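Everything quoted here is computed from the prediction, not taken from an experiment.
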Amino acid sequence: MLEYFLGSYIVTIAGLAGAYFWGEHVHSGSGFACVFIALVLGVLEVSLSFDNAVVNAMKLEKMSNAWRHRFLTWGILIAVFGMRFLFPILVVSIFSKLKMLEVAKIALSDSDKYAYYLHQTHAPIVTFGGMFLIMLFLNYFFNHEKEVHWIRPLENWLSHFDHIKGIEVIISLLMLLGLQNIVPDEQKLHVIIAGISGVITYLAIDGFSHYLEKHEEMRLSKCAEAAGCTGLISFIYLELIDASFSLDGVLGAFALSKDIIIISIGLAIGAMFVRSLTIMLVEKKTLKQFLYLEHGAHWAIGALACIMLISAVKEIPEAVTGGIGLAFIIAALVSSVMHNKKMERLLADNGGEKNA
């Protein structure tokens, strides 16, 4: 376990030290309070991201060791600085029509004002992430070639929907149309733009990824170049999935602290542990050992996507979001263990019959 989580422990120690000194810098005597908040945020991030780790592991299994390492190194920098710090500032800048530098100064010097601006952009942010994830969810289950089903009657029925071309887009856009009818009038346009952007982003990345996989064998003469390009697209795809998962966590973190530095540190600790868990799942081939874990993760994604869309108009506690996702993962894990035991009994019985 140590070899997989050593980097996470180092980041945790460094992050908590940074949280302490930042807290003392901002307000003398608040160092340990900041350390506690960062720890809580890290734990929340991990608890909300088990399904994210499983989905990441699915993609990483098809990537080279080099790109796995880049996911753990480059990816954590993107996740922490990009998604936990830069992305919210960019979104606030776009919708508040302020310069990014000005928003960054507000975030560092006036946390209440920054939290107010971020709250105003909550609906379009979660709509983008929700639409991206609902496309991911539908694309996984709408597949008639998928042979393994966890919730058999329902998943078997859903698998035949891919005979209707573009059905994922149709359903996603209908959900977006329904959402924009219940959001406040001043946010309708922003929600529509954000939702359509989420769908387009998924289609662009997923389509280009499939294109590269399909033509990789035809480019044997440029094998290294093809593999590198495919790895890059898969890496971008993974980062977008991770970003969509993290949106609700970033927004929900402001319930515990309005200090963007403490929030970034806490979420960085959680994100690092999730990445370490992902690498462990891949190298120990956990997904192959637990047959239905992948299915449970995608049901959790579907639930998270719906919760994010609902949260555009009604606040939903983080405990509900994390609890539902964790319940799907645990249920899938238990089902997988039961399936493995059943298969072991069948093999034992068949072996006994042959010996007899």
Side-chain angles (χ1 to χ4, degrees), residues 1-2 4-49 52 72-93 96 98-122 125 239 242-243 245-277 315 317-319 321-322:
M1 294 290 287
L2 182 61
Y4 294 109
F5 291 95
L6 179 60
S8 298
Y9 294 139
I10 293 172
V11 168
T12 300
I13 294 170
L16 295 181
Y20 175 81
F21 288 115
W22 176 258
E24 290 295 325
H25 168 72
V26 174
H27 191 277
S28 180
S30 65
F32 286 110
C34 290
V35 168
F36 176 73
I37 291 171
L39 269 176
V40 172
L41 286 170
V43 172
L44 284 175
E45 177 76 0
V46 173
S47 66
L48 289 169
S49 302
N52 189 8
L72 197 59
T73 52
W74 300 356
I76 195 65
L77 292 175
I78 295 171
V80 175
F81 181 72
M83 280 309 303
R84 273 72 178 180
F85 184 82
L86 192 60
F87 179 75
I89 288 176
L90 174 63
V91 173
V92 168
S93 174
S96 64
L98 298 172
K99 293 181 179 179
M100 281 190 65
L101 187 59
E102 185 178 349
V103 176
K105 289 180 179 178
I106 292 172
L108 295 172
S109 61
D110 191 343
S111 56
D112 288 326
K113 187 175 182 180
Y114 177 71
Y116 168 78
Y117 278 127
L118 194 62
H119 178 73
Q120 298 302 309
T121 61
H122 176 89
I125 290 175
E239 289 304 317
D242 180 72
F245 270 101
S246 70
L247 289 176
D248 61 329
V250 172
L251 296 168
F254 279 85
L256 291 174
S257 174
K258 291 183 174 63
D259 191 318
I260 192 171
I261 299 298
I262 299 302
I263 289 173
S264 297
I265 290 172
L267 296 181
I269 291 170
M272 189 64 190
F273 271 97
V274 171
R275 274 166 165 69
S276 298
L277 177 62
E315 185 176 346
E318 292 292 306
T321 306

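- A pairwise comparison of heavy atoms in Y114 and V103 identifies CE1-CG1, 4.0 Å as the closest pair.
- Of the possible donor and acceptor atoms, none in the side chain of T12 sits under 3.5 Å from a partner among the backbone N and O of I269.
- Contact between M100 and I89 at its shortest, heavy atoms only, is O-CG2, 3.7 Å.
- Between the CG atom of D110 and the CG atom of D112 there is a distance of 6.0 Å, given to the nearest 0.5 Å.
- No donor-acceptor pair under 3.5 Å is formed between the side chain of S8 and the backbone N or O of S276.
- What you find for I262 and L41 is that their closest heavy atoms are O-CD1, 3.9 Å.
- Not counting sequence neighbours, S30 has no partner by the side-chain hydrogen bond (donor to acceptor under 3.5 Å, both in side chains) test.
- The nearest pair of heavy atoms linking I260 to A107 is CG2-O, 3.6 Å.
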Donor-acceptor contacts, no H, no angles, side chain residues 19-26, under 3.5 Å, sequence neighbours left out:
from: W22; atom 1: NE1; to: D259; atom 2: OD1; distance (Å): 3.2
from: W22; atom 1: NE1; to: D259; atom 2: OD2; distance (Å): 2.8
from: E24; atom 1: OE1; to: G29; atom 2: N; distance (Å): 3.0
from: E24; atom 1: OE2; to: G29; atom 2: N; distance (Å): 3.4
from: E24; atom 1: OE2; to: G31; atom 2: N; distance (Å): 3.1

